[in-house]
Structure formats: C-alpha cells, structure tokens
Amino acid sequence: MTRARITGVGAYAPKRILTNADLEKMIETSDAWIVKRSGIRERHIADENEATSDLALRAAQQALERANLVPEDIDFIAVGTTTPDMFFPSVGNIVQHRLGCRRAGSVDMLAACAGSIYSLSIGSQFIQTGKYRRVLCIGAETLSKITDFTDRGTCVLLADAAGAAVLEPSNDDRGVIDFDLSSDGQYWNLLYMPAGGSRHPASHETVDARMHYAKMKGNEVFKVAVRMFVDSTVRVLERNGLTAADVDLFIPHQANLRIIEAAAKRVALPMERVFVNVDRYGNTGAASVYVALEEAVSAGRLAPGSLVLLAAFGGGFAWGSLLMRW
Ligand code: UT7
C-alpha cells in the first residue's frame, strides 16, 4: 500500500510570551516550582482578538509553501483541536475558506492533546487508500481561552500554538508505517471542561461557578499518562518488529518534562533521541507534536530515512502513537 509522507511542515505561536516571572506576579507560584515540576520556562499566549483558526491558518500557509503546493491542490483538511473558534463551524471549515482550499473537505477532531496523532493518522488513511492525494493536517489550540488564571495547577501549564503537516503519497518506503489510536473514557473527569456543552449549557450559573475552564487532577493525569505513552509506543514498535533502539527521534506530546523523561526511560530511549521544547511552549494540546516536529525538521534533526516515533495523550483519555520513516 502507498504510504503517506509529510512533504511540508509549518508552525506558528502568538507573539505574546508569558514567562514564569510574569506568573509569579499573578498567582502564588515560583519560577523554581514550575521549572522543577514541569520543565516549562515560558509559553505563548494569544491576544484577545486571536482565535484558534488565526494560528492554524499561519501554520497551514507555511506547510503548504514548504510542500510547494497551492491551496487548490488540497483535497482534505483534518484538524485536531480542543478549542475551536466556536462550537461550529469547524476550524477546518474556517481554514478551508480563508486559505482558499476550494476543492477540500474539512473536519475537526476532538481528541484533546492526542488530536495531533489522531489528525495525522486519519489524514494518512485517505492517502493510503488512494482516495486523496494531498491532505492538510493541522493541530491548533488557544488553550489560554479555557484556562482559569486563578488555578495554579493548570495555568502554569496550558498555552497556545498551531502546527501543520502536508501529507502526499510516497513513492518509496518513506512515510507513515503504522499508528496506534487508543481511548479510555473512564478517566474523563481527570481532565475536562464541565460547561458549554449539552450537559451544562452556558448560563449565568455556569459562568459564576467557573465551569467554562479546563479542570485537571494533575497528579493522577501524570501517572496514567506515563503508562499510556509506554503502552502505545511499545505496541506500535513491536507490531513492526522494531525496538526503541531503532528509533532515531522520539517526538512526544510536550506536556511536562518529567512525564517525557519518565516515559523515555521506561521505553529505553536516551534523551539525546527525544525532542523537547516544552520549556519554551508549555502544553499546547493538539498543536504540540506538530510544533515540535516543525522545530525538529528546521533544526536538521531528521534525515531522509530517519525512523520517527510520535506520541501523545490527553483528556478523555485519548492517546496514541505514530511511526514513520522520514
Ligand atoms: O496534556 C495532558 C495534560 N496534563 C498533563 O500532562 C498534566 C500532568 N500533571 C502534571 O504535569 C503535574 O501533576 C503538575 C505539574 C500539574 C503538578 O505537579 P505535581 O508534582 O503532580 O504536584 P502536585 O499536584 O502533587 O502538587 C504538589 C504541591 C501541592 O501543594 P501541597 O498540597 O503539597 O501543599 C500543590 O498545591 O504543589 C502545589 N502546587 C503549586 N505550587 C506552586 C500546585 N501548583 C502549583 C504552582 N506553584 N503552580
């Protein structure tokens, strides 16, 4: 079967930077605590008038240019996001129109921080089956818009960014080899946003009760997250007769440096072969793996033929991993 290969990547983060020193002035925290517990030093935060599609559009434009394509070439747009501009239409629809992808269908996928792996995996299937030839995959978030800046357990972590990748058919063994998509809804209340949906539609009461913000039991998320990273990455490697020793670069969801280090240790991957940029971006949800991939490519960390392992986990819980030959 034809593999789907990434032919262009793009990334964008809002100009405004919020440092740990800035947070020290807003809540009871310290730079030392944040760095020690999460590895985060600064993050990008969207302006009041910047929405998720604004970031997605810029990342998508860069990915298209690098793939040497024009918007009319795109057959389909798959977006991973937890923070769309509005309930509907989708970010995919907005990007389709603003970019001018006149022939493209589009859809958003909600798999929280695993939206990167879900959108890339599902996008790659359209190429593999031969249905489409050019798929634009995007991960974009403005998590700051659902962040309670009085809750120190979440506001030091969550942030905003977008990343994109263009997928096209490969004519050799480069491209997506396999992926694993998993979910387990029993953990839903470890990380969720209570109101704004059909369970608790927006009302004065839900606003007063601060129910339109992400709620997280960080410590419990931490433990499950490490296990999920390990389960999923080992499964996808084993299924393809590979081990961690074969992986040239592991690009995990950038949620917390300690989670990344714990997972890398358990799968026996030395940190030299793990890409980390959580220090400069914080947790950007469905965007994080795309942004990290773009930085890894720009930094020359990937050569043709490199074996790349991507993995992410997030609210739901939803998690997964994707293996590709660069
Ligand atoms: O994409 C998936 C999204 N989520 C995640 O990946 C999050 C996973 N979890 C984490 O990253 C970590 O659990 C956190 C960074 C959120 C917290 O680190 P922790 O080592 O699990 O700390 P903790 O929640 O056990 O809290 C330890 C202490 C508590 O004080 P007491 O009860 O021991 O007195 C907290 O109140 O640290 C306190 N604390 C803080 N102190 C300073 C919590 N947040 C802060 C803060 N600054 N920002």
Side-chain angles (χ1 to χ4, degrees), residues 18-43 45 80-83 109-119 139-144 146-161 163 182-185 187-193 213-232 251-264 266 274 276-279 281-292 310-321:
L18 186 72
T19 64
N20 291 351
D22 296 328
L23 284 163
E24 282 176 352
K25 292 178 204 135
M26 296 160 61
I27 45 162
E28 190 60 42
T29 192
S30 67
D31 173 55
W33 190 95
I34 302 170
V35 172
K36 184 164 177 251
R37 303 284 179 132
S38 73
I40 301 168
R41 293 178 185 276
E42 59 182 37
R43 69 285 290 143
I45 300 291
T81 188
T82 324
T83 47
M109 285 160 213
L110 203 171
C113 302
S116 52
I117 304 299
Y118 271 76
S119 54
E141 303 278 15
T142 45
L143 293 175
S144 67
I146 57 161
T147 298
D148 183 348
F149 279 93
T150 66
D151 173 9
R152 67 181 184 169
T154 54
C155 77
V156 301
L157 306 173
L158 305 178
D160 308 335
S182 301
S183 65
D184 191 343
Y187 299 109
W188 71 273
N189 64 353
L190 297 190
L191 180 51
Y192 71 115
M193 189 173 93
Y213 293 122
K215 310 282 178 199
M216 181 174 72
K217 295 186 181 124
N219 207 272
E220 290 171 60
V221 172
F222 193 112
K223 288 177 213 148
V224 188
V226 174
R227 202 174 71 226
M228 286 169 175
F229 257 144
V230 176
D231 284 354
S232 182
I251 305 183
H253 169 46
Q254 309 284 316
N256 181 317
L257 181 60
R258 287 191 299 140
I259 295 179
I260 296 172
E261 286 175 343
R266 289 223 210 147
V274 180
V276 175
N277 66 5
V278 69
D279 51 324
Y281 289 96
N283 180 349
T284 62
S288 92
V289 166
Y290 283 101
V291 173
L310 313 177
F313 68 92
F317 276 3
W319 70 101
S321 53

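Whatever order the structure lists them in is the order used to number ligands and atoms, beginning at 1.
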Would you mind checking which non-hydrogen protein atom is closest to [atom], with the distance to 0.1 Å?
| atom | result |
| --- | --- |
| atom 5 (C) of ligand 1 | Val221 CG1, 3.8 Å |
| atom 27 (C) of ligand 1 | Arg37 NH1, 3.6 Å |
| atom 9 (N) of ligand 1 | Gly218 O, 3.0 Å |
| atom 36 (O) of ligand 1 | Arg152 NH2, 3.0 Å |
| atom 4 (N) of ligand 1 | Met216 SD, 3.2 Å |
| atom 18 (O) of ligand 1 | Arg258 NH2, 3.5 Å |
| atom 39 (N) of ligand 1 | Trp33 CZ2, 3.4 Å |
| atom 2 (C) of ligand 1 | Phe313 CE1, 3.4 Å |

[X] and ligand 1 - part of the residue with a heavy-atom distance under 4.0 Å:
| X | result |
| --- | --- |
| Leu157 | side chain |
| Ile34 | neither |
| Asn283 | side chain |

Would a search of protein heavy atoms around [atom] find one under 4.0 Å away?
| atom | value |
| --- | --- |
| atom 31 (P) of ligand 1 | no |
| atom 41 (N) of ligand 1 | yes |
| atom 48 (N) of ligand 1 | yes |

Closest approach of [X] and [Y], non-hydrogen atoms and distance?
| X | Y | value |
| --- | --- | --- |
| Leu143 | Gly285 | CD1-N, 3.6 Å |
| Ile45 | Ala159 | CD1-CA, 4.3 Å |
| Ala161 | Val291 | CB-CG2, 4.0 Å |
| Met216 | Leu157 | CE-CD1, 3.4 Å |
| Ala214 | Leu158 | CB-CD1, 4.2 Å |
| Ser116 | Ala286 | CB-O, 3.3 Å |

Within the 3.5 Å criterion, strictly below it, is a donor on [X] or [Y] matched to an acceptor on the partner's side chain?
| X | Y | result |
| --- | --- | --- |
| Glu141 | Thr83 | yes |
| Thr284 | Tyr290 | no |
| Ser144 | Asp160 | yes |

Give a yes or no on whether Arg258 atom CZ has more than 12 heavy-atom contacts from other residues, nucleotides or ligands under 6.0 Å away.
-> yes
Do any nitrogen or oxygen atoms of [X] lie less than 3.5 angstrom from nitrogen or oxygen atoms of ligand 1?
| X | value |
| --- | --- |
| Asn219 | yes |
| Ala255 | no |
| Ser38 | no |

If you count the atoms of ligand 1 from 1 in the order shown, which ones are under 4.0 Å from a heavy atom of Val156?
->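 Near Val156, the atoms of ligand 1 are 48 (N).
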Atom indices of ligand 1, in the order listed, that fall short of 4.0 Å to a heavy atom of Ile259 | 6 (O), 8 (C)
Which of these passes ring pair (Phe, Tyr, Trp, His ring centres under 6.0 Å) with Tyr187: Tyr192, Phe317, Phe313?
->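 Among the candidates, only Phe317 passes.
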Name all pairs fulfilling the side chain to side chain donor-acceptor pair (under 3.5 Å) condition that reach into residues 25-34, sequence neighbours left out, sorted by first residue then second.
->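 Matches after skipping sequence neighbours: Asn20-Asp31.
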Look at ligand 1 and say whether Gly153 reaches it with a heavy atom at a distance under 4.0 Å.
-> yes
Which of the listed options, Thr29, Asn256, Leu158, holds the heavy atom that is closest to atom 15 (C) of ligand 1?
-> Asn256
Spatial distance of atom CD1 (Ile259) from atom OG (Ser38) [nearest 0.5 Å] |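 If we round to the nearest 0.5 Å, Ile259:CD1 and Ser38:OG are 9.5 Å apart.
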